[in-house]
Amino acid sequence: MFRYELLDRVGKARLGRLETPHGTVETPAFMPVGTCASVKGVAPDRLRAAGVQIVLANTYHLLLRPGPETVAALGGLHRVMAWDRPILTDSGGYQVFSLAHLRQLDEEGVTFQSHVDGSPVRLTPAEAVRVQRQLGADVIMQLDECPPAGADRDHVAAAVERSALWAARCRDAWQAADGLSAQAKPQALFGIQQGGTDAKLRAESARKLVQLDLPGYAVGGLSVGEGHEAMCGVLDAVDELLPADRPRYLMGVGEPRDILAAVARGIDMFDCVLPTRNGRNAQAFTWSGRVRLRNARWREDARPLDEACDCYCCRNYSRGVLRHLFAAREMLGPTLVSVHNLHFFAELMRRVRASLADGTFADRSTAWLAAMYAADGQP
Ligand SMILES: [Zn+2]
């Protein structure tokens, strides 16, 4: 039911295909984030039209509200999201460590206070797998500990140890759940590498994970403020640390510059809230840089956001109209710019895959970056 095929390599960059019970994902791929089982403001028909292949939902948020039992009673996550294509759920670990209050961590798991009703919630590796089984995504993630950027080495080393221990427990729970072989299971379990920016800890983390022979591996703990160069330093080693025949997922990374650098270093999957978060804040991604739609210069501009874009927003609305919608606080504004941004990220990944297929990736990504980042000096 789950299979990854490596189709071609260009240097370390990989062109691949991920088969899941809900369809195929061509990689490298970008996953929009549907935090509470909804990609904010964007209905699934627009996701489909943009060419989105797979979306992500957050276990932490769904565990607290409406609860996995309710999601299951409503027909599972695919039914709840009205999305019949692949879905990935994270384990909740990242949000527990970045958002939750009154957190208590021990070897067995983590206890925290629900931000919804203040009740104590316990998450263990087995519980993370159980909850994700109830939600019913195609790809599920191990529970891990993600230390903040700037954490000292002892803290990061302890997180590597604990995450490896939890990966093994998640695998045991996943294996025991239904008696099916790894290939026959309806859900694939991915492990998560930690280790901050320390090369030795990253190698140690990967070595322990790979021993578990999981269907896929994620690189976690990046994009937490370490900066582009430090991220690239960690990713330089990924290709030799992780097996070539499994998909690799870089968690929480979505800045186009970071995506292109990571693809060049052998990453296959990405997720980020950037397209929708920036869309809600009137900021559009285009091939010639970002457009800030609140700017007065667009008041009477009748051009679309991007002349070359064929998304629903660009086919029907001008910059001047979008600026007006934001000024008037109309909810259509955030929706339209989110639709455009999601289309842009899907198109970016289509162009990445096409350029890998025809051998032009290195030259093209240099040209894309120059056009995207030169115009406004944006990071
Ligand atoms: Zn557009």
Side-chain angles (χ1 to χ4, degrees), residues 22 29-42 44 47 52-72 74 76-83 85-101 103 109-117 119 121-125 127-146 148 163 166 170 187-192 194 216 218-224 249-254 269-280 338 342 345:
H22 288 87
F30 178 83
M31 302 183 278
V33 177
T35 302
C36 300
S38 153
V39 177
K40 287 192 195 308
V42 181
L47 297 176
V52 171
Q53 309 178 83
I54 174 171
V55 299
L56 177 147
N58 288 124
T59 293
Y60 172 84
H61 294 279
L62 297 173
L63 171 63
L64 301 185
R65 183 171 52 199
E69 288 76 16
T70 303
V71 171
L74 293 173
L77 203 45
H78 287 89
R79 185 76 201 85
V80 166
M81 296 184 79
W83 176 255
R85 294 184 183 182
I87 300 176
L88 179 148
T89 45
D90 63 8
S91 69
Y94 178 79
Q95 279 80 18
V96 169
F97 289 100
S98 59
L99 297 178
H101 297 293
R103 192 174 62 231
V110 58
T111 303
F112 59 95
Q113 189 182 31
S114 163
H115 70 253
V116 176
D117 61 9
S119 66
V121 182
R122 176 84 173 149
L123 205 51
T124 63
E127 176 67 1
V129 169
R130 189 192 69 81
V131 169
Q132 291 183 86
R133 276 174 51 80
Q134 272 193 315
L135 295 174
D138 302 272
V139 180
I140 65 175
M141 304 299 299
Q142 73 152 103
L143 185 65
D144 64 331
E145 180 190 350
C146 182
S163 294
W166 288 359
C170 283
Q187 297 181 303
L189 173 68
F190 281 23
I192 304 175
Q194 290 290 348
V219 178
L222 292 179
S223 199
V224 292
Y249 161 30
L250 178 56
M251 303 183 79
V253 167
M269 299 164 70
F270 302 88
D271 81 280
C272 193
V273 296
L274 217 49
T276 43
R277 177 182 290 166
N278 288 17
R280 290 198 300 285
S338 296
L342 290 167
F345 275 76

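The first residue in the sequence is number 1, and the count goes up from there. FYI, side chains are in, hydrogens and waters are out, and symmetry mates aren't considered; it's all heavy atoms of this structure.
- Here the side chain of Gln142 pairs a donor or acceptor atom with the backbone of Ile192 at under 3.5 angstrom.
- Side-chain contact between Leu250 and Met269: absent, with no pair of heavy atoms (C-beta onward) separated by less than 4.5 Å.
- Two residues are said to be in side-chain contact when any heavy atoms from C-beta on lie closer than 4.5 Å; Phe30 and Cys272 meet this criterion.
- Using a distance-only test at 3.5 Å, with no hydrogens or angles considered, no donor-acceptor pair links the side chain of Asn58 to the main chain of Tyr60.
- Without hydrogens or angle criteria, Asp271 side chain to Gly252 main chain gives a donor-acceptor distance under 3.5 Å.
- Partners of Thr89 by side chain to side chain donor-acceptor pair (under 3.5 Å), not counting sequence neighbours, listed by chain and number: Gln132.
- Across Thr124 and Leu143, no two heavy atoms sit closer than the pair C-CD2, 3.6 Å.
- A donor-acceptor pair is defined here as one N or O able to donate and one able to accept, closer than 3.5 Å; such a pair exists between the side chain of Asp138 and the backbone of Ile87.
- Among all heavy-atom pairs drawn from Lys40 and Ser338, the shortest one is O-OG, 4.4 Å.
- His78 places a side-chain N or O within donor-acceptor distance of the main-chain N or O of Arg85, the cut-off being under 3.5 Å.
- Inter-residue side-chain proximity for Phe270 and Tyr249 is flagged as unmet; no heavy-atom pair is nearer than 4.5 Å.
- Within the structure, salt bridge (charged side-chain N to carboxylate O under 4.0 Å, His left out) contacts touching residues 86-98 (residues at least two apart or in different chains) do not occur.
- Annotation: the span from Leu63 atom CG to Ser114 atom OG amounts to 8.5 Å, rounded to 0.5 Å.
- Counting non-hydrogen atoms of other residues, nucleotides and ligands closer than 6.0 Å to CZ of Arg122 gives a total above 12.
- Using a 4.5 Å heavy-atom threshold, the side chains of Thr111 and Val121 count as separate.
- Gly221 and Cys146 make their closest contact through CA-SG, 3.7 Å (heavy atoms, listed as atom of the first residue, atom of the second, distance).
- The shortest heavy-atom contact between Ser163 and Glu145 is OG-N, 3.0 Å.
- Distance check: Tyr94 OH to Asp144 CG gives 11.0 Å after rounding to the nearest 0.5 Å.
- Under the 4.5 Å side-chain criterion, counting only non-hydrogen atoms from C-beta, Met81 is not in contact with Ser38.
- When side chains are defined from C-beta on, Leu123 counts as touching Val96, because their heavy atoms get closer than 4.5 Å.
- The side-chain heavy atoms of Val42 and Leu342, taken from C-beta on, include a pair separated by under 4.5 Å.
- Taking all atoms of both residues into account, the shortest heavy-atom contact from Val52 to Val55 is CG1-CG1, 3.8 Å.
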Problem set entry | From CA spacing to verdict: side chain to side chain contact (heavy atoms under 4.5 Å, CB included), Thr59, Leu135 | CA-CA 8 Å; Thr59 293; Leu135 295 174; 3.8 Å; yes
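- Listed by first and then second residue, the salt bridge (charged side-chain N to carboxylate O under 4.0 Å, His left out) pairs that reach into residues 58-69 are Glu69-Arg130, sequence neighbours excluded.
- Under a 3.5 Å cut-off, the side chain of Gln113 and the backbone N or O of Arg103 do not form any donor-acceptor pair.
- How far CZ of Phe112 is from CD of Gln95: 9.5 Å, rounded to the nearest 0.5 Å.
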For this session: Applying side chain to side chain contact (heavy atoms under 4.5 Å, CB included), run through Phe190 and Ile140 and close with a yes or a no.
Result: CA-CA 6 Å; Phe190 281 23; Ile140 65 175; over 6 Å; no
Problem set entry | side chain to side chain contact (heavy atoms under 4.5 Å, CB included) evaluation trace for Trp166 with Ser91 | CA-CA 11 Å; Trp166 288 359; Ser91 69; over 6 Å; no
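- Rounded to the nearest 0.5 Å, atoms CG (Leu64) and OG (Ser119) are 7.5 Å apart.
- The minimum heavy-atom distance between Gly254 and Phe345, with the atom names listed, is O-CE2, 2.9 Å.
- Under a 3.5 Å cut-off, the side chain of Thr70 and the backbone N or O of Pro66 do form a donor-acceptor pair.
- In this structure, CE on Met251 lies 7.0 Å from CG on Leu88, to the nearest 0.5 angstrom.
- Between Leu47 and Trp83, the closest side-chain pair of non-hydrogen atoms falls below 4.5 Å.
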